[in-house]
Amino acid sequence: MDIARLVAKRSTCLRRSVGAVLVKDKRILSTGYNGAPSGLKHCLDIGCLREELNIASGERHELCRGIHAEQNSIIQAALHGVSIKDATLFCTNQPCSICAKIIINAGIKKVCYHSGYADAMSIEMFKEAGVKLIKLGNH
């Protein structure tokens with residue numbers, strides 16, 4: 001989790017810094033943080049549309065130019081040809097329902113997170129899919 005927190009420091013989101021690390025057999029497979037896609041301007045540079053529109057956390061994910069840390073860690077693994085089947089995801093925050101769907105289909109079997117997130121649907125999806133969701137204490 002300490003590595004996920006360190007990765008979160010690379011975030012370019014103005015609202016929340018999130019980091020994710022995919023691990024299997026005690027080896028780091030990939031990392032990700034939340035921010036705009038490669039080559040696009042970051043919210044740090046042009047401002048936050050969600051702030052401008054006063055959108056609450058956990059709502060209207062499509063109105064954001066950023067990619068979530070969990071998504072970026074999965075994309076990085078795919079980009080470099082690294083299998084993440086049966087991996088564990090360590091994330092600074094509980095994944096949203098969009099990320100939950102991606103995590104489930106990526107074959108990730110366990111998600112460990114530190115802070116909660118306003119998305120109860122993701123918890124239900126993980127439960128139904130048999131993905132272990134573990135909230136880690138303050139370390």
Side-chain angles (χ1 to χ4, degrees):
M1 190 57 71
D2 287 339
I3 295 171
R5 283 190 199 100
L6 185 61
V7 171
K9 291 182 179 184
R10 294 191 45 103
S11 171
T12 58
C13 179
L14 295 170
R15 292 179 114 189
R16 181 189 312 255
S17 296
V18 180
V21 180
L22 278 166
V23 176
K24 186 175 178 182
D25 299 326
K26 298 182 181 180
R27 298 187 193 285
I28 295 173
L29 303 177
S30 70
T31 64
Y33 56 89
N34 55 329
S38 297
L40 298 187
K41 292 178 181 169
H42 294 280
C43 298
L44 284 175
D45 302 318
I46 62 171
C48 176
L49 176 63
R50 294 174 60 80
E51 282 292 319
E52 290 171 21
L53 297 175
N54 200 28
I55 298 171
S57 181
E59 297 178 9
R60 305 290 314 268
H61 296 284
E62 75 278 8
L63 294 176
C64 177
R65 65 189 294 110
I67 300 173
H68 288 188
E70 305 92 321
Q71 295 168 8
N72 264 330
S73 65
I74 292 168
I75 291 165
Q76 285 302 307
L79 186 65
H80 296 288
V82 177
S83 174
I84 57 173
K85 186 178 184 306
D86 300 326
T88 297
L89 176 73
F90 288 86
C91 194
T92 56
N93 293 79
Q94 173 197 317
C96 71
S97 57
I98 294 170
C99 288
K101 291 182 267 189
I102 294 168
I103 289 164
I104 291 163
N105 273 4
I108 295 167
K109 297 299 179 192
K110 183 165 58 171
V111 175
C112 300
Y113 69 97
H114 181 264
S115 298
Y117 190 68
D119 194 335
M121 191 162 99
S122 69
I123 295 170
E124 291 303 316
M125 288 179 163
F126 284 135
K127 186 184 291 185
E128 184 178 343
V131 174
K132 292 181 183 173
L133 185 62
I134 300 168
K135 184 173 186 343
L136 300 177
N138 294 330
H139 295 106

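Note that the structure is predicted; figures quoted are calculated from it, not measured.
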Running the 4.5 Å side-chain criterion over Ile, Leu, Val, Met, Phe, Trp and Tyr, what cluster does I46 land in, apart from itself?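 Its cluster partners, ordered by chain and number, are none at all.
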Could you work out the complete set of other residues in the hydrophobic cluster of L6, with links drawn between I, L, V, M, F, W and Y side chains under 4.5 Å apart?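 L6 shares its hydrophobic cluster with no other residue.
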N/O donor-acceptor pair under 3.5 Å between R60 side chain and R50 backbone: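 Not a single qualifying donor-acceptor pair exists.
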With N34, which residues qualify under side chain to side chain donor-acceptor pair (under 3.5 Å), at least two apart? S11
Applying side chain to side chain donor-acceptor pair (under 3.5 Å), can you list everything that pairs with E52, at least two apart in sequence or on another chain? none
Test salt bridge (charged side-chain N to carboxylate O under 4.0 Å, His left out) applied to [X] - qualifying residues, sequence neighbours left out:
X	result
R10	none
R16	none
E59	none
E128	none

I need the full list of ring pair (Phe, Tyr, Trp, His ring centres under 6.0 Å) pairs touching residues 34-89, with sequence neighbours left out, sorted by first then second residue. H61-H68
Identify all side-chain donor-acceptor contacts of residues 22-30 below 3.5 Å with residues at least two apart in sequence or on another chain.
residue, atom, partner, partner atom, Å
K24, NZ, K85, O, 2.9
S30, OG, S73, O, 2.6

Considering residues at least two apart in sequence or located in another chain, which fulfil the side-chain contact (heavy atoms from CB on, under 4.5 Å) criterion with E124?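 E124 satisfies side-chain contact (heavy atoms from CB on, under 4.5 Å) with K127 once adjacent residues are dropped.
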Heavy atoms, side chains only, cut-off 4.5 Å: are N93 and S115 in contact?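 A side-chain contact exists here, since the closest heavy-atom pair is under 4.5 Å.
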Table please: side-chain donor-acceptor pairs of residues 99-110 below 3.5 Å, with sequence neighbours left out.
none

